[in-house]
Amino acid sequence: LTVIRGDSTVLRDLRREDLRRYRWWWEEEIEWQKWDAPWETETRGDAAESLRKLQRVLDEGDLPAPRRRLEIETGSGRHVGWVGRYWVDSAAAGWWEVGINLPERSARGCGLGTEALALWVDYLFSELDIVRLGMGTWSGNHAMRRVADKLGFTAEARFRRARPVRGCLYDALRWGMLRDQWRTLRAGWPGVSATPGAGCDPTEGRT
Ligand SMILES: CC(C)(COP(=O)(O)OP(=O)(O)OC[C@H]1O[C@@H](n2cnc3c(N)ncnc32)[C@H](O)[C@@H]1OP(=O)(O)O)[C@@H](O)C(=O)NCCC(=O)NCCS
């Protein structure tokens, strides 16, 4: 099992008991979908399919190293969201973007997202032989824009009026961070250990 400890968050692998909460986040507490790619109304996929995918991850038990996603817990063990990474272009080996969601509204706005993303980016640069990591959002998502800013991501692209959201056209925004930038910036990030990779225990919990 992979566990990455920060100051106020922990990133860890999916557990079977998380599925009930995922069902809640997909069927009831769906407000996060207004912020995470809200233009994907047709393509997001339904709750049942998303839950089946998570179920398969648990059943196969063969998690990729390094991980493609981890769950976010608060320091007191409350499961509040997840981080992931996605190919931008699978033909260009190593071109990844990161994403984050805190469906639990009460967990937002107190620094957890910034720390969780810092831990995730730190882990990925430590574990993957990559030159860059990207992330993206739309201009109406001020919390995500602020997180990118706080971690020191470089604004790389603005596609003007490309994202239709609830009747308005917003800009698509993309950021990137290079390995050298990460090495310099990580010292100022919340929760990350002084030595890259030291906060991650890939064997913790293994029986
Ligand atoms: C985006 C998200 C992951 C950020 O996590 P978080 O824990 O809320 O973020 P933090 O508290 O670390 O930082 C958010 C910052 O945005 C600021 N912010 C939040 N809403 C804002 C708004 N409407 N206008 C301006 N700033 C805003 C906060 O004040 C904070 O900045 P500060 O530390 O300078 O005060 C989380 O809010 C979330 O999951 N939202 C819903 C789903 C989503 O948007 N997912 C991302 C899709 S790209």
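Ligands are counted one by one from 1 in listed order, and the atoms in each one are counted from 1 as well.
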Acceptor/donor pairs from residues 188-199 side chains to any protein atom, 3.5 angstrom cut, sequence neighbours excluded:
| residue | atom | partner | partner atom | Å |
| --- | --- | --- | --- | --- |
| Trp189 | NE1 | Leu151 | O | 3.0 |
| Ser193 | OG | Thr195 | O | 2.8 |
| Ser193 | OG | Gly199 | N | 3.2 |

On a heavy-atom basis, the closest approach of Arg67 and Arg85 is O-NE, 2.8 Å

Counting distance only, does the side-chain N/O of Trp32 pair as donor-acceptor with the main-chain N or O of Trp25 below 3.5 Å? yes

If only atom types and distance count, is the side chain of Glu115 paired as donor or acceptor with the main-chain N or O of Thr9 below 3.5 Å? yes

Show me, by chain and number, every protein residue that has a heavy-atom distance under 4.0 Å to ligand 1. Trp32, Trp35, Asp36, Ile100, Asn101, Leu102, Arg108, Gly109, Cys110, Gly111, Leu112, Gly113, Thr114, Gly136, Thr137, Asn141, His142, Ala143, Met144, Arg146, Val147, Lys150

Do the side-chain N and O atoms of Trp26 and Gln33 include a donor-acceptor pair separated by under 3.5 angstrom? no

What do you reckon, are the aromatic ring centroids of Trp120 and Trp96 less than 6.0 Å apart? no

